[in-house]
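Source: prediction; values computed, not measured. Along the sequence shown, residues are numbered consecutively beginning with 1. Below, each value reflects all heavy atoms present in this structure, side chains not excepted, and no hydrogens, waters or symmetry copies.
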Amino acid sequence: MNTLGEALVFTFATGAVVLFCRAFPFIFFRTGNGEGNRGAGWISFVEKIVPPAAMTVLAVSSVASSIKANVYESLPVLAAAGVTAALHLWKRNSLISIFGGTALYMVLKQVLKGF
């Protein structure tokens with residue numbers, strides 16, 4: 001059994017840690033005027049860079065893993081990746097390029113299923 005002093009120290013230490021954890025995002029990412037807006041530039045940089053980087057890593061990983069599998073799985077993936085890139089370069093619309101590449105992949109996968 002803890003003494004009253006130990007229980008009070010534990011309670012205050014726990015309260016301080018919880019308060020710091022809850023206040024940290026508001027302190028770090030505040031967007032006020034003057035000296036307090038250091039987080040806004042960093043966040044806007046991250047929101048511009050991270051989604052394309054994550055999509056690139058996923059696409060490269062998907063193509064690389066299918067190439068290692070076998071030739072019948074590689075053909076639909078490579079064709080769909082090429083069509084997706086071509087559609088995106090042509091129309092500059094992510095919805096059209098992703099939908100077109102996915103549709104071609106599904107068709108080729110079903111056509112080559114018998115082979």
Side-chain angles (χ1 to χ4, degrees):
M1 188 87 190
N2 294 334
T3 63
L4 179 61
E6 292 173 343
L8 288 174
V9 168
F10 178 76
T11 301
F12 285 121
T14 304
V17 169
V18 169
L19 180 64
F20 176 74
C21 289
R22 292 188 181 201
F24 180 74
F26 296 103
I27 295 169
F28 189 73
F29 298 118
R30 66 183 172 185
T31 58
N33 295 332
E35 300 174 4
N37 59 359
R38 65 182 171 181
W42 185 74
I43 289 296
S44 65
F45 173 75
V46 168
E47 72 185 13
K48 287 180 184 174
I49 297 300
V50 169
M55 290 178 68
T56 303
V57 168
L58 288 173
V60 169
S61 172
S62 171
V63 171
S65 66
S66 69
I67 288 174
K68 292 177 183 175
N70 65 32
V71 70
Y72 292 110
E73 289 184 19
S74 299
L75 290 176
V77 170
L78 291 175
V83 166
T84 301
L87 283 173
H88 192 73
L89 290 174
W90 179 40
K91 288 293 187 179
R92 298 278 183 202
N93 187 334
S94 299
L95 185 63
I96 292 172
S97 59
I98 292 172
F99 181 76
T102 302
L104 178 66
Y105 173 77
M106 297 305 289
V107 168
L108 288 177
K109 190 76 173 173
Q110 291 301 318
V111 169
L112 295 175
K113 193 175 186 178
F115 294 104

At their closest point, which heavy atom of [X] faces which heavy atom of [Y], and how far apart are they?
{"X": "Ser94", "Y": "His88", "result": "OG-CE1, 3.7 Å"}
{"X": "Ala79", "Y": "Leu104", "result": "O-CD2, 3.7 Å"}
{"X": "Ser66", "Y": "Ser74", "result": "O-OG, 2.9 Å"}
{"X": "Gly100", "Y": "Leu87", "result": "CA-CD1, 3.8 Å"}
{"X": "Gly101", "Y": "Ala80", "result": "O-CB, 3.3 Å"}

Any chain of hydrophobic side-chain contacts (each under 4.5 Å) joining Leu78 to Val83? no
Under 3.5 Å donor-acceptor pairs involving side-chain atoms of residues 9-27, not counting sequence neighbours:
from  : atom 1 : to    : atom 2 : distance (Å)
Thr11 : OG1    : Ala7  : O      : 2.7
Thr14 : OG1    : Phe10 : O      : 2.8

